[in-house]
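Take a look at the structure set out below.
Only a predicted model underlies this, so the values are computations on that prediction, with no experimental measurement involved.
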Amino acid sequence: MIPSLETLQWHAFLGRAPLPSALPAAVSPFVQGPILITGAGGSIGSALALRLASAGAHIILLESSENSLYDLQQNLAAISSTPDFYLGSVCDRTLLDEIFFLHRPSLVFHAAADKHVPLIEEQPLAAIANNVLATETLVASVQNARVILVSTDKAVTPASMMGATKRLAEQIVLTSGGTVLRLGNVLASRGSVTELFARQIAAGLSLTVTDPAARRYFVTIAEAVELLLAAASVTQAPALLAPLLPQPHFIADLARFMARALSPDRIPVIEFTHLRPGDKESEQLWSNSETPHPATANGLVSLRSSLPPRSQFQSLLATLHHALRSRDLSTALAALRVLVPDYTPGQTVLAQCCSVVSKVSNE
């Protein structure tokens, strides 16, 4: 059984105070209208749903996982909230049209995405469908609503398919006049390294860390929610935002912290493995070509980032659509590399391109 991660003193590990909460005066205006959350059953989506429901907002929750949606229903019922639930995909344009017609949300938090880096290296077409084309479908469905995309520091100079597709999702939202919030790793989120460490500690196993030098920016789930609410209060449009964090932390230090907290009588043993496909030694919240400026919301910086010309952008997105329908990874990857020129594909993705070409030629 995985030990509870909710009781750990994460800020003792982070060595800083919690990031500032969104100001009530800033949140109050947008909770007056309906709010749609995609990926509502995930760690961030569900915490955001509970926070908004507690503030009295009318929320519409879209989730593709039946179990996750059921769990969220039970949690919201405990606080006497009655949102509208939809089991389905952001790729479903007909469903999105129905939601916007029935509820007219004025704000959309887009948290649905494929997020597991090594897995997505093996499933690149799925990442393009779920991270890119679903975002494009959502933006095309929006009727007088503002979209706020939950993004990741892995979108900065990406070395993974997950990062590259999230960078393209950023561009889609920004070209539509929306808002993007980049987050680092979220502590205690579902499927995160903290869950892996907790399982290993409970089983008395060595803690596996990819590399002694591997380090990441971290925020808590509660901080991620407050940052999203703060991002929603930023009136600038489009807006690319990131939290102002002091420094990244070594993943090995996180492993040691969790071992001391969850099994204080045992000396932790760390086994260094290797960087996995798509992994980088460290991540950044903005690239060297992006200029940070103070944002109007506490705890955030605003980034200036260039966007591709609209005509070229739409043409390449159409190429991605066609490549996805025909499952043509080579064409999809070529288009993605033009759209995200600082993306460096890994060997796992490149090998799949070669494998498909070889298979077709042999037939």
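Shown here are the side-chain hydrogen bond (donor to acceptor under 3.5 Å, both in side chains) partners of E136, two or more places apart in sequence or in another chain: H321. Judged as a side-chain hydrogen bond (donor to acceptor under 3.5 Å, both in side chains), and not counting sequence neighbours, the contacts of S289 are S287. By the side-chain hydrogen bond (donor to acceptor under 3.5 Å, both in side chains) test, D92 pairs with no residue at all, sequence neighbours left out. For R256, the salt bridge (charged side-chain N to carboxylate O under 4.0 Å, His left out) criterion is met by D253, not counting sequence neighbours. Take D97 and apply the salt bridge (charged side-chain N to carboxylate O under 4.0 Å, His left out) test, not counting sequence neighbours, and it matches R93. Residues that satisfy the side-chain hydrogen bond (donor to acceptor under 3.5 Å, both in side chains) test with R146, not counting sequence neighbours, are T179. Shown here are the salt bridge (charged side-chain N to carboxylate O under 4.0 Å, His left out) partners of R16, two or more places apart in sequence or in another chain: E223. In this structure, the salt bridge (charged side-chain N to carboxylate O under 4.0 Å, His left out) partners of R215, at least two apart in sequence or on a different chain, are E281.
Counting only N and O atoms by type, the side chains of K115 and N130 include no donor and acceptor under 3.5 Å apart. Side-chain N/O atoms of D279 and H274 include no donor and acceptor closer than 3.5 Å. Residues H293 and S302 have side chains that never bring a donor and an acceptor to within less than 3.5 angstrom of each other.
Smallest separation of non-hydrogen atoms from Y343 and A159: CE1-C, 4.2 Å. Nearest heavy-atom pair across L96 and V90 is CD1-O, 3.2 Å. Between L5 and A198 the shortest heavy-atom distance is CD2-CB, 3.8 Å. In terms of heavy atoms, P341 sits closest to V338 at CD-O, 3.6 Å. Nearest heavy-atom pair across G184 and D153 is CA-OD2, 3.5 Å. Between L336 and A164, the shortest heavy-atom contact is CD2-CB, 4.0 Å.
For the ring pair (Phe, Tyr, Trp, His ring centres under 6.0 Å) condition, the pairs that include at least one residue of residues 201-246, sequence neighbours left out, are F13-F218. Sorted by first then second residue, the ring pair (Phe, Tyr, Trp, His ring centres under 6.0 Å) pairs that include residues 60-98, not counting sequence neighbours, are Y86-H103. Residue pairs satisfying the side chain to side chain donor-acceptor pair (under 3.5 Å) criterion with at least one member in residues 158-175, sequence neighbours excluded, are listed as follows: N131-T165, S151-E170, R167-E170, R167-S305, E170-R182.
Screening I172, L107, V108, V180 for a side-chain contact (heavy atoms from CB on, under 4.5 Å) with V147, the sole residue that qualifies is V108.
Residues F109 and L95 share a hydrophobic cluster, clusters being chains of Ile/Leu/Val/Met/Phe/Trp/Tyr side chains in contact below 4.5 Å.
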What donor-acceptor contacts under 3.5 angstrom involve side-chain atoms of residues 41-48, with partners at least two apart or in another chain?
{"from": "S43", "atom 1": "OG", "to": "R190", "atom 2": "N", "distance (Å)": "2.7"}
{"from": "S46", "atom 1": "OG", "to": "G42", "atom 2": "O", "distance (Å)": "2.6"}
{"from": "S46", "atom 1": "OG", "to": "S43", "atom 2": "O", "distance (Å)": "3.3"}

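Atom CD1 of I267 has 12 or fewer heavy atoms from other residues, nucleotides or ligands within 6.0 Å. Crowding of H11 atom NE2: a count of heavy atoms from other residues, nucleotides or ligands under 6.0 Å exceeding 12. Residue E66 places its CD atom among 12 or fewer non-hydrogen atoms of other residues, nucleotides or ligands, all under 6.0 Å distant.
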Original post:
Under the side-chain contact (heavy atoms from CB on, under 4.5 Å) criterion, do L245 and L19 qualify, and how do the steps go?
Top reply: CA-CA 9 Å; L245 300 174; L19 297 177; 3.9 Å; yes
**OP:** Kindly determine whether L8 and L187 satisfy side-chain contact (heavy atoms from CB on, under 4.5 Å), including the steps that lead there.
**Re:** CA-CA 10 Å; L8 293 189; L187 293 165; over 6 Å; no
**OP:** Would you check, one step at a time, whether the test side-chain contact (heavy atoms from CB on, under 4.5 Å) holds for V156 with D342?
**Re:** CA-CA 8 Å; V156 179; D342 57 354; over 6 Å; no
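In this structure, N185 CG and T194 OG1 are separated by 9.0 Å, a value rounded to the nearest 0.5 Å.
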